[in-house]
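In the text below, chain A, chain B and the rest are named by the order of the sequence lines, each starting its count at 1.
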Number of protein chains: 4
Amino acid sequence: MLDNSLDFKEQMAEARRTQILMGAAQVFSEKGFHKATTKEVAKAAGVSEGTIYNYFSTKRDLLVAMVDQLGMNSLKNIFEDSPPQDPRQLLKAIIIDRMHLAAERGPMMAPLLAEIFNDVELRELLYDQVVIPASRHVEQYVRQQIDSGRFRQIDPVIVTRALMGTLVFNVGLKLSGVDDRYNDISFDSLAEQVVTLFLDGLLVDQS
Amino acid sequence: MLDNSLDFKEQMAEARRTQILMGAAQVFSEKGFHKATTKEVAKAAGVSEGTIYNYFSTKRDLLVAMVDQLGMNSLKNIFEDSPPQDPRQLLKAIIIDRMHLAAERGPMMAPLLAEIFNDVELRELLYDQVVIPASRHVEQYVRQQIDSGRFRQIDPVIVTRALMGTLVFNVGLKLSGVDDRYNDISFDSLAEQVVTLFLDGLLVDQS
Amino acid sequence: MLDNSLDFKEQMAEARRTQILMGAAQVFSEKGFHKATTKEVAKAAGVSEGTIYNYFSTKRDLLVAMVDQLGMNSLKNIFEDSPPQDPRQLLKAIIIDRMHLAAERGPMMAPLLAEIFNDVELRELLYDQVVIPASRHVEQYVRQQIDSGRFRQIDPVIVTRALMGTLVFNVGLKLSGVDDRYNDISFDSLAEQVVTLFLDGLLVDQS
Amino acid sequence: MLDNSLDFKEQMAEARRTQILMGAAQVFSEKGFHKATTKEVAKAAGVSEGTIYNYFSTKRDLLVAMVDQLGMNSLKNIFEDSPPQDPRQLLKAIIIDRMHLAAERGPMMAPLLAEIFNDVELRELLYDQVVIPASRHVEQYVRQQIDSGRFRQIDPVIVTRALMGTLVFNVGLKLSGVDDRYNDISFDSLAEQVVTLFLDGLLVDQS
DNA sequence: CATGAATGAGAATTCATTCAT
DNA sequence: CATGAATGAATTCTCATTCAT
């Protein structure tokens, strides 16, 4: 019973943290971190301003906490649950997964991405907690393929960052709607073309 | 004489604008747009706070004006002055050029990039003034190569954004120093590997 | 039995009040009344914040309650238990007693003293409850000595306040350590010199 | 002309500082340092809140600045302008001078005195800047009289602090009105009796 | 009665912007 | 045009107090 009540309290506290974080993510994504006020966050989260500070010691702490939330989305599932043998299928599965993630967590990530240009500590945190874990499996896979002679000798780190950049720019531009031309490109088609680009390259075999 | 004095005045005004913009760029890159104060900008530019407002109506206007400054760096030179015929050489030349640009203008661009996540208007402005012009030539080139059957049918828009993302991520990570592994990769080697990735793809020809 | 249980309850309540008051005294003396938080008081007292408000209706009430606690330290003992006949011995006994009190209760009094400069009500309370009772016996004694021709005609009120001020300043300065020169003056020597000053004055008899 | 304009600016700034300090002194003395808000200080000083921070970096800084203002009131004048030879006259002159000071600067000192119980740094500052300078001349005088055999051997430091305490308590109590009995004692009579107490002591010569 | 999470009214401080000189 | 003192709205964070459990 003591244990239960302890658990209960902890669960309540954890729920509150999440509740506040959701409100913060919403407001931050609408107005940006700096223009969002703690009052707005409180309102969006359905709590009072003071309550925010019972769970986070600083407005910036909300950003840091978001990093942790994002860190959980590695690609473990894809690689553990019988990954496709065909590189083409595997790469497409990864890209589709990242696209879904972008659509879901995009609003949460945008204000975070903005701050990493200014906040060194946050940048390192995001890199260590999110980028590294998310790219680990892909890196390993690329390295294996290189070692077995199926992939060219291109540094797996460069490859994974290239893939990330490619997706962030293309998916981000499509989602943000700044370039009309993306309206004619479906997510699936985009994924297909990125797969081709990365596996086959631009050059047509002249053999 | 009237014309002359007008010209003179205009030149002075233009010089002042640039002077202020340089100060702003410096301070913004050091502290980020929001944490930089107009007082600091004034000091860095060597003018008084009031003077800033004689040339820009708003702190945010400084950001907008920076976009124009950046818009001038298209790749026109490379494509106009006898571009290399070999795609490999051409792509590498482009990448090296962009790397130099990143090293030079990176600090000026960082705070700008940060804001496009929050500021819709700025995002569109930057896209129209900088991204579109900078990618126009590459897009055209890719399209030509596709039409002539030398490049695979991958949407030139996707390709150019992929290249941008690839460069921003890889060069940005190398410059910011968050990942030690980039210390062992020279800019030239990075460029070479990106060329290979984009032209040949990862897959080794099994023919 | 009803009486007993009531007594028991009352004793418990009284104990709690004291417990809280001790915690408050400790925290107030460390950080001052205004900078001390009720949370800190609660922690120091070993109770929850809410419990404080079951016994005191206001943070300020804690200060008021402290005044009562201090009011008990009149000089009754010295004057009731066969007071020394020699004024010199009596005065020294009083001074030594007050010095001990200062060393013990000083930390508790400091935040209280600070507030009397701002809080009129508290000032009057402290004066009525502590200063008046503590000086009553001395005042009476001085008046008797004047009436009997042994002391000069100096208003006993002035004399007692002079003695208080003299002790507060000298002992306070010695205890707080702001003036190194007090390190070379023992409490006993300080008491002796104050006795001489008050009984004989500065002037050497020129007779 | 350049010099003049510089002087002018400096004078303006100094005037503003004083203006703000006067407002602060007024509000602090009415409500106490902690309960006084910067908004109230601004209003009392006739400036905006922001202006306060153009001249003082912190609310507490206002207190520190007050210490400096008070430091100027040493007793130099009395000791330099043909001091009375008779100790009785000299001591009375000093006491009357301090009484005037208390009446004038009392409101400014009260909130300061309150804070020295909590704020170590302020305590030391006030002691070094105000107490030490104000008591220097008296200390020297007492020491001389002791050396020449006219005063008893009582540590001059103890004597001056005793005098201070005596005056602060008696004058403070008279000014604050907490004890009705001070209504029947004029400032002059109070001064006379303190002189007698300090020079002749309480004991009537039994010779 | 005990608890401590929730509250929200402030409070100190900052800073973009204005404007008199 | 240049200046920089003045402004005051806005913001983050604190903390005494309440109240449901």
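- Of all the residues in residues 39-58 of chain B, B/Glu49, B/Tyr53, B/Thr58 reach under 4.0 Å from DNA chain E with at least one non-hydrogen atom.
- For DNA chain F, none of the residues of residues 115-125 of chain D falls under the heavy-atom distance limit of 4.0 Å.
- Regarding contacts with the backbone of E/dA16, a side-chain N or O of B/Thr38 is found under 4.0 angstrom from either OP1 or OP2.
- Counting heavy atoms from C-beta outward, A/Asn118 and B/Lys35 have side chains that stay 4.5 Å or more apart.
- Applying the ring pair (Phe, Tyr, Trp, His ring centres under 6.0 Å) test to D/Phe117 and every residue at least two apart in sequence or in another chain returns nothing.
- To the nearest angstrom, P of E/dC1 lies 12 Å from CD of C/Glu14.
- Judged by distance alone, the side chain of A/Thr18 and the main-chain N or O of A/Glu14 form a donor-acceptor pair under 3.5 Å.
- By the side-chain hydrogen bond (donor to acceptor under 3.5 Å, both in side chains) test, C/Glu121 is found to be paired with C/Arg60, residues two or more places apart in sequence or in another chain being considered.
- Without hydrogens or angle criteria, D/Lys59 side chain to D/Phe33 main chain gives a donor-acceptor distance under 3.5 Å.
- Taking atom NE2 of D/His34 as the reference point, atom C1' of E/dA11 lies 13 Å away to the nearest angstrom.
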Under the 3.5 Å Watson-Crick or G-U criterion, the dot-bracket string of DNA chain E, with | for inter-strand pairs: .||||||||||||||||||||
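- In this structure, D/Ile20 places its CD1 atom 13 Å from C1' of F/dT7, rounding to the nearest Å.
- Contact annotation: the side chain of B/Leu63 approaches that of B/Glu115 to within less than 4.5 Å [non-hydrogen atoms, C-beta and beyond].
- Between the side chain of D/Ser29 and the backbone N or O of D/Ala25, at least one donor-acceptor pair lies under 3.5 Å.
- Going from atom NZ of D/Lys59 over to atom P of E/dT13 covers 8 Å, rounded to whole Å.
- Put simply, CZ on C/Arg17 is 12 Å from P on E/dC1, counting in whole angstrom units.
- Nucleotide F/dC15 holds its P atom 16 Å from the CG atom of C/Leu62, rounded to whole Å.
- Of the two residues contacting DNA chain F, namely C/Phe33 and D/Met12, the nearest-nucleotide position lying further toward the 5' end is that of D/Met12.
- With hydrogens and angles disregarded, a donor-acceptor distance shorter than 3.5 Å links the side chain of D/Gln19 to the backbone of D/Ala45.
- B/Asp61 places its CG atom 12 Å from the P atom of E/dT18, with the value rounded to the nearest Å.
- Contact of the C/Phe56 side chain with the C/Leu21 side chain is registered, since non-hydrogen atoms from C-beta on lie closer than 4.5 Å.
- One finds the CD atom of D/Glu40 at 10.5 Å from the CD atom of D/Gln26 (value rounded to the nearest 0.5 Å).
- Distance D/Glu10 CD to F/dA5 C1': 15 Å, rounded to the nearest Å.
- If you check F/dT11, E/dT13, F/dA2 against the side chain of B/Arg16, the one that comes closest is F/dA2.
- Every side chain to side chain contact (heavy atoms under 4.5 Å, CB included) that A/Ala24 has, sequence neighbours left out, goes to A/Phe28, A/Val41, A/Leu62, A/Met66.
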